[in-house]
Number of protein chains: 4
Amino acid sequence: MEFQVDASSRMPIYRQLRNQFRQAVARGKLLPDQRLPSVRDLSRTLVVNPNTIARVYTELEREGLLNTRPGLGVFVASPKTELTKKVRKERLVELLDHFLTEAVHLDFSADEVVSLVGERASQFAWQSPR
Amino acid sequence: MEFQVDASSRMPIYRQLRNQFRQAVARGKLLPDQRLPSVRDLSRTLVVNPNTIARVYTELEREGLLNTRPGLGVFVASPKTELTKKVRKERLVELLDHFLTEAVHLDFSADEVVSLVGERASQFAWQSPR
Amino acid sequence: MEFQVDASSRMPIYRQLRNQFRQAVARGKLLPDQRLPSVRDLSRTLVVNPNTIARVYTELEREGLLNTRPGLGVFVASPKTELTKKVRKERLVELLDHFLTEAVHLDFSADEVVSLVGERASQFAWQSPR
Amino acid sequence: MEFQVDASSRMPIYRQLRNQFRQAVARGKLLPDQRLPSVRDLSRTLVVNPNTIARVYTELEREGLLNTRPGLGVFVASPKTELTKKVRKERLVELLDHFLTEAVHLDFSADEVVSLVGERASQFAWQSPR
DNA sequence: GTGGTCTAGACCACC
DNA sequence: GTGGTCTAGACCACG
């Protein structure tokens with residue numbers, strides 16, 4: 001798993017890294033119990049302040065995507081959702097409407113979008129039924 | 001078309017309004033040449049700083065979504081995309097992958113997502129073929 | 001609402017403040033939409049680094065207890081719970097068992113504890129039925 | 001008595017074990033003069049660093065919950081509280097208020113909480129009157 | 001070695 | 001004015 005930061009982006013570094021991590025997990029490229037680079041290592045690799053990396057890891061832990069164990073390192077967590085169905089649906093619809101809005105402005109047709117969704121969706125690691 | 005601001009949101013007011021405008025256009029609730037309220041009127045209605053409204057209009061004009069006709073007011077622009085197919089596709093995919101990433105974390109299945117996309121897409125005003 | 005920090009405590013400053021805030025809300029001493037002191041003000045008052053105060057506010061916002069609006073200040077949020085019933089019950093039981101464990105070690109009787117719970121509970125601002 | 005560590009918890013291992021021990025005593029599952037596994041045995045069983053186990057035992061001994069008898073092993077101590085009534089009451093109230101604060105935020109009602117307290121309290125081994 | 005906390009001080013975005 | 005981000009560097013707790 002290789003992270004990268006774009007210093008010229010308006011998006012804060014910690015958000016860039018957080019998003020990359022979230023996507024890597026959603027695509028199944030990072031699996032539960034897998035160890036991530038240490039705060040100090042990643043900060044050296046990316047030439048970013050250790051505090052910034054620590055912030056990324058802290059936020060992701062709060063979101064339940066990873067566990068950090070002082071003295072051992074940082075590990076990918078097992079997925080779990082504690083939100084109510086209602087809240088989850090609301091958030092999904094909001095995100096979807098935002099996506100569809102941009103799709104319209106980018107001048108795509110409904111058919112093109114639906115088709116693309118099916119295509120890209122196959123690249124993600126959807127939860128198996130429980 | 002009624003705008004509204006959510007003071008409890010983490011999203012800056014000017015972005016809330018900009019997004020609402022973009023979505024209203026994409027849903028066909030705002031049509032080309034339709035006149036928008038003046039900066040002063042809207043600022044009074046929403047109880048928002050006039051500078052904030054002015055910023056919204058300025059950004060939307062820069063994005064080509066509306067035109068200011070001095071002395072007449074602010075009007076919705078006709079849709080036009082100057083971007084190449086390649087660039088448009090890249091942006092769409094990036095937005096879609098972001099959406100799918102969140103959908104996975106919200107613990108939805110691919111089927112649920114695809115189905116919801118079709119459902120919500122019918123509420124938008126897609127460009128007719130040209 | 002007056003906060004205070006005990007520099008000699010092993011509990012980190014940001015946790016001391018966060019707990020004081022959570023308790024003030026639970027007791028109804030801080031009400032929705034009430035404005036809190038600014039980061040800079042509180043940092044001067046408590047002689048604590050502004051970043052530490054900012055961290056307190058950031059975490060409380062993530063927990064949904066307050067809203068921050070750049071340019072305006074920080075405000076108490078309206079209560080809402082997005083967690084599933086199951087998760088909420090699990091957390092409550094865990095906290096309760098911890099409390100009861102300590103009560104036993106402090107050599108109280110069950111009757112004393114039950115009685116004290118009823119007594120203190122009356123000082124909190126329980127949600128009205130919805 | 002079987003201990004267990006949750007590697008995904010934010011709580012340090014030594015505190016997890018210490019709390020489990022305190023709770024086991026409070027529930028009457030560990031009785032005075034009962035022998036505990038040796039540091040080396042427990043460290044192997046739990047796959048935890050021996051230093052960590054040693055720390056748990058050291059702290060518990062300092063708290064008066066167990067005694068080390070050199071050459072014989074580690075044993076559960078007889079309960080005794082040397083604190084004054086006033087201090088004990090203060091600590092209990094502080095713990096209780098913390099619990100009630102969280103209960104409010106978890107959106108429970110006072111009745112639900114009082115009822116749950118009575119229910120769970122019956123599972124603990126309260127001191128008989130002396 | 002690991003991550004967690006705190007300080008100091010800079011610069012930016014928002015209103 | 002407000003809060004948000006990032007850096008630099010110190011010190012502590014954990015295993």
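Just the heavy atoms: all of them, side chains too, but no hydrogens, waters or symmetry mates, feed the values below. All values derive from a computational prediction rather than experimental measurement. To find a chain, count down the sequence lines: A is the first, B the second, and so on, and within it residues start at 1.
With sequence neighbours left out, the salt bridge (charged side-chain N to carboxylate O under 4.0 Å, His left out) criterion links Glu94(B) to no other residue. In this structure Ser8(C) satisfies the side-chain hydrogen bond (donor to acceptor under 3.5 Å, both in side chains) test together with Asp6(C), sequence neighbours excluded.
Contacts of Val74(A) with the nucleic acid, taken as non-hydrogen atoms under 4.0 Å apart, involve only primed sugar atoms and P, OP1 or OP2. Arg40(C) comes within contact range of at least one nucleobase, with a heavy-atom separation under 4.0 Å. Among the atoms of the strands shown, only primed sugar atoms or phosphate atoms (P, OP1, OP2) are found under 4.0 Å from some heavy atom of Tyr14(B). Residue Asn51(B) is classed as having no contact, given no heavy-atom separation below 4.0 Å to the nucleic acid.
Looking at Leu42(D) and Phe3(D), their side chains come closer than 4.5 Å, going by heavy atoms from C-beta outward. A 4.5 Å side-chain heavy-atom check between Leu30(C) and Leu65(C) finds every atom pair outside the cut-off.
Nucleotides of DNA chain E lying under 4.0 Å from heavy atoms of chain A occupy a range whose first and last members, 5' to 3', are dG1(E) to dC6(E).
Within the structure, salt bridge (charged side-chain N to carboxylate O under 4.0 Å, His left out) contacts touching residues 41-50 of chain B (residues at least two apart or in different chains) are Asp41(B)-Arg44(B). Among residue pairs with one or both ends in residues 66-78 of chain C, none qualify as side chain to side chain donor-acceptor pair (under 3.5 Å); sequence neighbours excluded.
Comparing Gly71(C) and Asn49(A) by the nucleotide of DNA chain F that holds the closest heavy atom to each, the one mapping nearer the 5' end is Gly71(C).
Spacing between atom CD of Glu59(D) and atom P of dA13(F) amounts to 12 Å, rounded to whole angstrom units.
Of the possible donor and acceptor atoms, one in the side chain of Gln20(D) sits under 3.5 Å from a partner among the backbone N and O of Gln4(D).
In DNA chain F, consecutive stretches of 3 or more Watson-Crick or G-U wobble pairs with both distances under 3.5 Å are given as paired ranges: E:1-14 with F:1-14.
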